[in-house]
Amino acid sequence: MAELKWILMVSLAFLMAMSLLSSPHLNMGELTEMVFDKLQFWETFNNGGDKKTEESRAIGPNMTACHHSYGRPDLLVYCCPPGFEKPVPFVDFEFPDPRSPVKVRRPAHLLNESFIEKYNRALSIMKSLPYDDPRSFARQAELHCQFCTGAYEQLNYSDTSVNIHRTWLFFPWHRMMIYFHERILGSLIGDESFALPFWAWDIPEAMPMPEYYVDEKSSFFHTQRDFTHFPPRVADLAYSTDQNHPHVSNDEQIDVNLKFMYTQMVSGARKTELFMGCTYKANDGYCDTTGTIEKAPHNTLHTWIGSSFNPGREDMGKFYSAAKDPVFYAHHSNIDRIWEAWREINHHRLDITDPDWLDSFFFFYDENLKYVKIKVRDVIDITKLGYSYEEVDHPWLNHRPPPSVPPKQARQMLKLRENENPVFGSDFRPGGRVLDGRFTVKVPRSMKRENKEEDEETIVVYGIEVKGNDYVKFDVYVNLSDETKMNPKFREFAGTFAHIPGGGDAMKKKMKLKLGVSELLKDLEADEDESIWVTLSPETASCSNVSIEGIQIEYIK
């Protein structure tokens, strides 16, 4: 990048000198100002930065600073676009013409043959486009690799990468990607109204993978999947990879899924940070807390779909390769719908208003091969983006999990067990405690809260360090008295840690798991207790590569 700038400076100096010779009325001050303006233009032309961007802490990528990155901790990948070193002219995003047809995204399981055929044709054309066309399916897939493995540096911070996972950029970035992908597909078949379907894995009748994705003769089929999870198998939204977990019936899985979604969308997501993930601003080293939905069912379904024959359950099981599978787009279309559902449930009062989030920006090629700079603030209102979702029920709203054991009985059992077992307490050594087996600790609660009704009580599992290359999942329970009833369908379940390793240096740092439990404690009749028992249950063998520094209670205002 520096070499290009010097070349440009020399070229501009030559041009300005020629201008001075041809226009002797120009003085040196005017000439200097012209050179400065041109150099400032070059910076803006090159990466989208401006004075406002530099003064804020909005995230933006330096588009001429792409490099190899890690798709898995043991796998170096290269997904940079061809010719990224050269500056590319861009345009600022403009909302589509409001007079254009509204793109109505429909549930994938309700599509008719005519639409499936149309979508298949559009996808076939996209897959046939040459690699040097940024609208091609291969280049679309690499977008996800670039921003989910730390391939780009942050604008103005060359030592810090951009990574949209495990941050508050997770939802808006994927919305941008899906938006342009959808418009490109529609343009390839000349259909302005074309809209991506969404795989509504949160409603019972749509929980199996949509049938047309397993049609080997279609463009939707992908070989790098777990074939044992094909329909009519119901998706496991809280999936762990270990084979010692018996497969339950579809009806039982549906019940678990609905109650799990209630925890992830309602009781565990009552504050913005808990749902959206942690604050991530320019020059921040990394984000250490993932939002509820990103952990699961987002991460869990990526892993559930990916092939068990590949070391990282590629393609869907690893972020660098996930978008190579056509089902990725139906999965993320539903993730986008889920974001809208959460906003509506909370009447938009938890929406982020931080200008650093709103002004964070990225670049995408549109259907006309224009290079577009788009900000987070541009994608908040889907009505302005010209699409909507066909309305479907949210059955998980009515599936609040019940306690597995009557709360008073559970408390008596736990106190008895604590008296009989002196190890039944906190045991976190200086280097952290390895999660090589289930354990329970007694965690004190502070009753001093400024606003007991508004503050969200949160269990924080901190100093989580993950080594190795495998998917990691452990669950957290509160006041668990009967270990035979460890299941997300019961109220004792507080949440899950589901981690897909990879994604650059930032993703290797120590993490926190924050679980909102105010409603849970009321249901367990423990909201007035001085302490609670917290159980960590490893759900994958890879948890033996996980260490934890401690567990505590915090309150989010």
Side-chain angles (χ1 to χ4, degrees), residues 61 66-80 140-154 160-167 169-170 173-174 177 222 224-226 239-242 277-278 280 284-291 293-325 327-328 331-332 335 435 464-474 496-513 539-547:
C66 191
H67 46 71
H68 284 81
S69 52
Y70 281 92
R72 298 194 308 263
D74 64 334
L75 178 67
L76 196 65
V77 297
Y78 185 80
C79 46
C80 298
Q140 293 283 296
E142 286 187 348
L143 280 171
H144 196 254
C145 176
Q146 292 158 18
F147 288 97
C148 300
T149 64
Y152 278 110
E153 296 171 1
Q154 288 185 20
T160 308
S161 63
V162 178
N163 199 312
I164 55 87
H165 276 281
R166 213 168 70 200
T167 80
L169 294 174
F170 169 75
W173 186 90
H174 283 91
M177 181 192 184
H222 194 66
Q224 304 305 305
R225 292 180 186 151
D226 190 328
Y239 179 64
S240 64
T241 54
D242 287 4
C278 66
Y280 178 54
D284 280 350
Y286 70 105
C287 225
D288 63 4
T289 309
T290 309
I293 290 298
E294 185 181 353
K295 286 191 293 286
H298 172 262
N299 287 359
T300 47
L301 277 180
H302 267 277
T303 308
W304 186 81
I305 296 167
S307 173
S308 59
F309 295 109
N310 295 328
R313 294 187 70 90
E314 288 93 344
D315 280 331
M316 274 288 280
K318 279 287 180 279
F319 296 143
Y320 81 93
S321 57
K324 295 178 182 179
D325 188 336
V327 81
F328 168 94
H331 176 42
H332 270 280
I335 291 287
L435 190 56
I464 304 171
E465 184 174 10
V466 178
K467 298 178 181 179
N469 306 324
D470 298 325
Y471 169 72
V472 170
K473 183 174 182 291
F474 65 83
T496 190
F497 178 86
H499 177 67
I500 297 177
D505 291 339
M507 298 292 275
K508 300 176 185 177
K509 305 292 185 180
K510 291 182 179 180
M511 293 167 276
K512 293 178 182 177
L513 172 63
E539 297 299 310
T540 58
S542 56
C543 284
S544 60
N545 294 321
V546 176
S547 62

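Predicted model, so just to flag it, every value in this text is computed and none were measured. Numbers here are sequence positions counted from 1. Excluded from the calculations below are hydrogen atoms, water molecules and symmetry mates; all remaining heavy atoms, backbone and side chain alike, are included.
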- Kindly assign one of parallel, tilted or perpendicular to the pair Phe497 and His499, based on the angle between their ring planes and the thresholds 30° and 60°. parallel
- Task: Find the distance between OG (Ser542) and CZ (Phe474) and round it off to the nearest 0.5 Å.
- Result: 11.0 Å
- Taken to the nearest 0.5 Å, the spacing of Glu539 CD from Tyr239 OH works out to 12.5 Å
- Message: Checking Val327 against His222 for the side chain to side chain contact (heavy atoms under 4.5 Å, CB included) test, could you report, in this order, the C-alpha distance in whole Å, the side-chain angles of both residues, the deciding distance, and whether it holds?
- Response: CA-CA 9 Å; Val327 81; His222 194 66; over 6 Å; no
- Distance col, row Arg72:CZ vs Thr149:OG1, nearest 0.5 angstrom, shows 13.0 Å
- Query: According to the interplanar angle, ranging from 0 to 90°, do the rings of Phe147 and Trp173 count as parallel (below 30°), tilted (30 to 60°) or perpendicular (above 60°)?
  - Reply: tilted
- Message: Counting only heavy atoms from other residues, nucleotides and ligands, does the tally under 6.0 Å from OH of Tyr78 exceed 12?
- Response: yes
- Enter the distance from His174:NE2 to Glu294:CD here, rounded to the nearest 0.5 Å. 7.5 Å
- Give the minimum heavy-atom separation between Pro501 and Asp470, together with the two atoms involved. CG-O, 2.9 Å
- Message: Which residues pass the salt bridge (Lys or Arg N to Asp or Glu O under 4.0 Å) test with Asp284, not counting sequence neighbours?
- Response: Arg57
- Item | Carboxylate-amine/guanidinium proximity below 4.0 Å for Asp226 and Arg313 | yes
- Item | Minimum heavy-atom distance Tyr280-Ser161, with the two atoms named | OH-O, 3.1 Å
- Of all heavy-atom pairs linking Asn163 and Cys148, the shortest is ND2-O, 3.5 Å
- Message: I need the minimum non-hydrogen distance between Ile335 and Ile293, along with the two atoms involved.
- Response: CD1-CG2, 3.9 Å
- Taking C-beta and beyond as the side chain, do Thr303 and Ile500 meet within less than 4.5 Å on heavy atoms? yes
- Query: Step by step, would you call Lys295 with Lys473 a side chain to side chain contact (heavy atoms under 4.5 Å, CB included)?
  - Reply: CA-CA 10 Å; Lys295 286 191 293 286; Lys473 183 174 182 291; over 6 Å; no
- Who passes side-chain hydrogen bond (donor to acceptor under 3.5 Å, both in side chains) against Tyr471, sequence neighbours left out? none
- Message: Quick check for you: to the nearest 0.5 Å, what is the distance between Asp288 atom CG and Leu513 atom CG?
- Response: 11.0 Å
- Message: Once rounded to the nearest 0.5 Å, what's the spacing between atom NE2 of His331 and atom CD1 of Ile305?
- Response: 6.0 Å
- Taking only residues two or more places apart in sequence or in another chain, which ones pass side-chain contact (heavy atoms from CB on, under 4.5 Å) with Ser321? Glu314, Asp315, Lys318, Lys324
- For Cys80 and His67, work out which heavy atoms get closest and say how close. SG-N, 3.3 Å
- Would you sort out whether Gln224 and Met316 count as a side chain to side chain contact (heavy atoms under 4.5 Å, CB included), showing the intermediate values? CA-CA 8 Å; Gln224 304 305 305; Met316 274 288 280; over 6 Å; no
- Item | Nearest heavy-atom neighbours spanning Asp325 and Arg225 | OD1-NH2, 2.6 Å
- Message: Tell me if a side-chain donor or acceptor on Gln146 pairs with a main-chain N or O of Tyr152 at a distance below 3.5 Å.
- Response: no
- Parallel, tilted or perpendicular: which describes the rings of Phe328 and His144, with under 30° parallel and over 60° perpendicular? perpendicular
- Would you call Met177 and His332 a side-chain contact if the rule is heavy atoms closer than 4.5 Å? no
- Under the side chain to side chain contact (heavy atoms under 4.5 Å, CB included) criterion, do Val77 and Tyr70 qualify, and how do the steps go? CA-CA 6 Å; Val77 297; Tyr70 281 92; over 6 Å; no
